[in-house]
Structure formats: structure tokens, C-alpha cells
Amino acid sequence: METNFSKEQLKDQDNKSAEKILRKCVHCGFCNATCPTYKLLGDELDGPRGRIYLIKDMLENKKPASEKIVKHIDRCLSCYSCMSTCPSGVNYMHLIDHGRNHIEKTYKRPFGERFIRDFLSTVLPNPTYFKIISFLTLIAKPFQFIFPRKIREMIALMPIRFPKKTLPKMNIYSPAKRKKPVARVALLAGCVQRVISPQINEATIRLLNRHGIEVVVPKGVVCCGSLDHHLGKSDLAKEKFKKNISIWHEEYLKNGLDAIISNTSGCGTTLKDYGFIFRSDNDFKKKAKKISELTKDITEYLDENVKLIFINNKENKKTYKIAYHSACSMQHGQKIHKVPIDLIKKTGNEVYDIPDGHLCCGSAGTYNLLQSDIAKKLLKDKVINIEKLDPQFIATGNIGCITQISNGTKIPILHTVELIDWYTGGPKPEVLRKL
Ligand code: SF4
Ligand code: SF4
């Protein structure tokens, strides 16, 4: 694609990257074929190629974002299905991130939208605020009919129960009965996930400890910053990125780290992008690159580094039929698809890919809250495809998908790591207790 940035504009690193990306696009439109919003809405501007043109026009012509552009960019899930399909290697992820930052800087959203976006950006990354709001929404549930539709939909998505933690809060979890751990990793403990599904981190820690790996959860690490990043709030996101990078890097230098483990693929995708985000920041670029290199999804780490010891007991003797839901951030963002399926197969169960599995379930960070109509349609299609397989349960690697899909079906859903933990000597996951 021909571009028309001026020399002056190209002094800006983000414009320079955008130009490189745009030049790779040959406007073939293959990406539209796998874009969930194009499939649903049928509008060229709701597909990747159309959005690429909108962003190009905004950036090249130094235009403030218009209502029309914002509508179509906001409808993008950042699922990156288009990147998996594109034959030219167009990095749509970096382009849309830049487009969203431009929107945030040049467009004043209506008050209601601004309020909701600011609210989400304040509450979701902070576990204490999230807990308080969750309890308040529990109280408000019986009276939710008095609230506007948007608020009612948010209330409906809030958790109704908070599982108890079974592991004490510590900064270092050491393997038992071993003098020297075989490896040392940091775990990204997350924000919302640790409140609504603490069992995911617990299964990760138990599983790693059982295989001789020390797990550290360094003090001071905050939300990975994905949420602000995808809302276009780049300054807030960078504050979080820098804080985490500094803490992990110090831990790496002082005590050594073999990996940084993410068990939420949405967050892992962002961590793996820290190196790019800080590519022109002289203070952070080396550290950020190191953190991205160290980041591994839990399934990726297990596959590459751990000889799993599976244990058969009377609890897990039965063979289950499992549908594997490949989160977009996992399959398109991190290009990890086969690894979790192969790991699950090692448990002796039957694993099936969901038909049209490349399409998003509608979760996509805060998308199901901000674009609820589209998200509901995507969820409906996802559930139809899952139910076609008639599985006994669903496994996936992202808390957002777990929350979204469990709102559409009664089929139990759990994190892949909970399953692997169970089959290597951990407790039977609570969602499977009735099976
Ligand atoms: S598939 Fe790739 S090259 Fe073709 S239009 Fe889409 S982004 Fe451009
Ligand atoms: S990221 Fe997903 S929703 Fe956005 S343009 Fe690409 S395929 Fe479509």
C-alpha cells in the first residue's frame, strides 16, 4: 500500500512503525474472511482492511478521529484473527494500538462513554476496588432494573461468588522435599483473575512446585497494563508496564529468573509486546526486551521445560470428552494452539477443537462490557459450536473467555492448568466435582 507520511511525521517512532506496517498491506482482503465483526456486520469498515484505511487516513492527514472512525475502531475486538490470515505479515496489532492512542488523544467521547471507560480502567486492574465493586453489585442485583441498560449488563457479568483461596499469600513458593529447585520462575498473579478464580494461580503454583520449580510473586507487581493499553490510555498503561518491568528485571538480576509465567493469555500477549512498546525508550528498551523474552504462557513453559509426571488415581480414571477453546490472544496473539491441546491429550482424555474455533467468543478484555450487542452474538455462535461437540467440559487458557463462555452455557469450563494440575497429583477442580 502506498503511503504519504511527510519526513516530519516519520520522525515520530509510532508513525514510522505504522508506515512500515501499512506498506506491507496489499489490500487483498483475505483478512476480512476471518474477521468476526466483518462476518457479523458485513460492512467493509468493520473488517481489518477497512479499519487499516481509516487509521491510515487519520494518521497521514493528522486528522482528529471522527465519530464514524471511532465507531468502527471501537468495534474491533483486537482478536488478531486477521493477523493469522494475512499472507503479507501485516502487524495489525501494532497499527490498531497506535490508532487507539490517536483516538484517545484527539477525540472527546460523550460523557457516559468516558465515565464507563474511566471506571473500568480504575476498577478492573485493582483487585481491592474490584472486590468492593463486586460486593456492591451483589447488593444491587435485585434492584438492577432501575439502572440503564449498560449498567444492567455490567452487573450481570459481575461475579456472584468468590472462591476461597487455599494457598497462603507468599512472595516465594518453594518446592517441597528438594534441596535446590530445578528452576525459578516469576508468576504474573493478575488482577481480576486472582479475585474471581484464585484456583488458577494456585493450580499453577502447585503444579510447578511439584515438578521442582520455585515460583516467585514479587511484591509490587501490578496489573499487566493490557486493559489500559487496549482502551488507548497509553500513559496509564505505560506506568504499569514500567513498574512491572522494573520489579521483574531487578528480580532477574538479583536472584535469577528462568521465565515469567502468564496463565492469562491476554496478559501474556501484552507482556511479550513490552519489547516493541519500549523500542525507542533508552531507559527501558533493554529491560523491556528481556521481560518479553522471559515471558511464557504456562502451557508453553510446561511443554518446553517440564517433564510432567502424570498420576492415575480413582478420581481421574474416567475418560472425558473435552472441547478446547483456543483464546484469540493464545492462538492469534501468541501463536500457541497445538501445545495446550497436546498437553491435555497427555491426560488420556479426548480433546476436540471447536468448529470455527478461530472466531472470538466476544470476551476480548472489556469488549463484552463496551460492545455488548456484538459480544452477545459472538457468544451465542461460540456456544452453538461448542454444544455441537457435546463435551463434558471445556478447557481454555484465558480468564476472560472462561467468564464469557460460562455466561452462555451450563457446560463446565476450566483453565487448562487446573486440568494438568489435577492429573499430576493436584485436587479435582471444583467445577468438575459433579462429573
Ligand atoms: S490480508 Fe493482509 S495484506 Fe491483505 S488486506 Fe488484509 S491486512 Fe492487507
Ligand atoms: S482484530 Fe479481530 S475484530 Fe479486529 S479487525 Fe482483526 S479480525 Fe477483525
Side-chain angles (χ1 to χ4, degrees), residues 1-3 17-60 65 68-103 226-227 229-232 265-266 269-270 272-273 276 325-335 337 356-382 398 400-401 404:
M1 184 183 284
E2 200 185 304
T3 54
S17 303
E19 193 210 31
K20 254 195 201 166
I21 298 167
L22 289 165
R23 280 180 173 264
K24 281 194 173 178
C25 177
V26 293
H27 27 94
C28 60
F30 286 171
C31 50
N32 280 353
T34 57
C35 170
T37 54
Y38 180 75
K39 194 172 169 263
L40 269 184
L41 305 165
D43 183 336
E44 171 73 16
L45 296 180
D46 285 317
R49 185 173 58 181
R51 290 181 180 125
I52 288 172
Y53 275 106
L54 292 177
I55 296 170
K56 176 181 187 294
D57 182 41
M58 235 179 9
L59 298 179
E60 273 183 352
K68 180 181 163 192
I69 293 180
V70 173
K71 180 175 90 176
H72 296 293
I73 301 293
D74 278 358
R75 283 180 181 168
C76 171
L77 294 137
S78 278
C79 68
Y80 314 133
S81 175
C82 47
M83 284 171 63
S84 293
T85 319
C86 174
S88 307
V90 170
N91 194 318
Y92 178 86
M93 173 167 90
H94 292 156
L95 193 65
I96 189 112
D97 286 346
H98 187 21
R100 289 202 168 111
N101 292 343
H102 184 82
I103 289 175
S226 296
L227 201 133
H229 188 54
H230 294 307
L231 288 172
S265 58
T269 307
T270 303
K272 288 183 178 182
D273 207 35
F276 174 83
H325 167 71
S326 201
C328 298
S329 42
M330 189 81 98
Q331 59 170 323
H332 306 304
Q334 300 186 48
K335 305 282 177 245
H337 180 65
D356 274 342
H358 61 285
L359 295 176
C360 182
C361 64
S363 162
T366 52
Y367 194 91
N368 51 356
L369 300 169
L370 296 171
Q371 298 285 336
S372 53
D373 291 339
I374 301 176
K376 275 184 202 157
K377 285 182 188 150
L378 292 171
L379 173 62
K380 195 171 160 225
D381 289 348
K382 182 62 71 184
N398 192 46
C401 309
Q404 172 79 342

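In each ligand, atom 1 is the first atom listed, and ligand 1 is the first ligand listed. The figures here come from the full heavy-atom set of this structure, side chains too, leaving out hydrogens, waters and symmetry mates.
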Are side-chain N/O atoms of T269 and S329 paired as donor and acceptor at under 3.5 Å? no

To which protein heavy atom is atom 8 (Fe) of ligand 2 closest, and what is the distance rounded to 0.1 Å? C35 SG, 2.3 Å

For S88, take its heavy atoms, then give the atoms of ligand 1 lying under 4.0 Å from any of them. 3 (S)

Check each atom of ligand 1 against the heavy atoms of G29 and keep those under 4.0 Å away; list them by number with element. 4 (Fe), 5 (S)

Please state which part of Y38 comes within less than 4.0 Å of ligand 2, counting heavy atoms only: side chain, backbone, both or neither. neither

Among all protein heavy atoms in this structure, tell me which lies nearest to atom 3 (S) of ligand 2, with the distance rounded to 0.1 Å. L77 N, 3.4 Å

For P48, the atoms of ligand 2 under 4.0 Å from one of its heavy atoms are 5 (S)

Taking 2.8 Å as the cut-off, does an N/O/S atom of C28 lie below it from atom 4 (Fe) of ligand 1? yes

Any sub-3.5 Å donor-acceptor pair from R49's side-chain atoms to E44's backbone N or O? no

Shortest protein heavy-atom distance from atom 4 (Fe) of ligand 2, along with the residue and atom involved: C76 SG, 2.4 Å

Using a 4.0 Å cut-off to any heavy atom of C86, which atoms of ligand 1 qualify? 1 (S), 2 (Fe), 3 (S), 7 (S)

At under 4.0 Å between heavy atoms, is it the side chain or the backbone of S78 that contacts ligand 2, or both, or neither? backbone

Going by the order shown, which atoms of ligand 2 are within less than 4.0 Å of some heavy atom of Y80? 1 (S), 2 (Fe)

Proximal atoms of ligand 1 relative to V26 (non-hydrogen, under 4.0 Å): 3 (S), 8 (Fe)

Hey, is the main chain of K272 close enough, under 3.5 Å, to the side chain of Q334 for a donor-acceptor pair? no

Please write down residue, atom name and distance for the protein heavy atom closest to atom 2 (Fe) of ligand 2. C79 SG, 2.3 Å

Begin with the C-alpha distance, continue with both residues' side-chain angles, and end with the deciding distance and a verdict on side-chain contact (heavy atoms from CB on, under 4.5 Å) for L379 and N368. CA-CA 9 Å; L379 173 62; N368 51 356; over 6 Å; no

Check whether any side-chain heavy atom of P87 lies under 4.5 Å from a side-chain heavy atom of F30, and answer yes or no. yes

Specify whether H27 and Y53 have parallel, tilted or perpendicular ring planes, treating 30° as the upper limit for parallel and 60° as the lower limit for perpendicular. tilted

Verdict with reasoning, H94 to S17, per side-chain contact (heavy atoms from CB on, under 4.5 Å): CA-CA 8 Å; H94 292 156; S17 303; 5.9 Å; no

When you look for heavy atoms under 4.0 Å from ligand 2, do you find them on the side chain of R51, its backbone, both, or neither? side chain

Regarding S81 and H358, do their side chains bring together a donor and an acceptor under 3.5 Å, going by distance alone? no

Determine whether a donor-acceptor pair (N or O, by modelled atom type, separation under 3.5 Å) exists between the side chain of K56 and the backbone of E2. yes

The atoms of ligand 1 lying under 4.0 Å from a heavy atom of I52, numbered in the order shown, are 7 (S)

4.5 Å side-chain heavy-atom contact, R100 and L231: no

Which protein heavy atom lies closest to atom 6 (Fe) of ligand 2, and at what distance to 0.1 Å? C82 SG, 2.4 Å

Between the side chain of Y367 and the main-chain N/O of R75, is any donor-acceptor distance below 3.5 Å? yes

Where ligand 1 meets P87 - atom numbers and elements under 4.0 angstrom, heavy-atom basis: 1 (S)

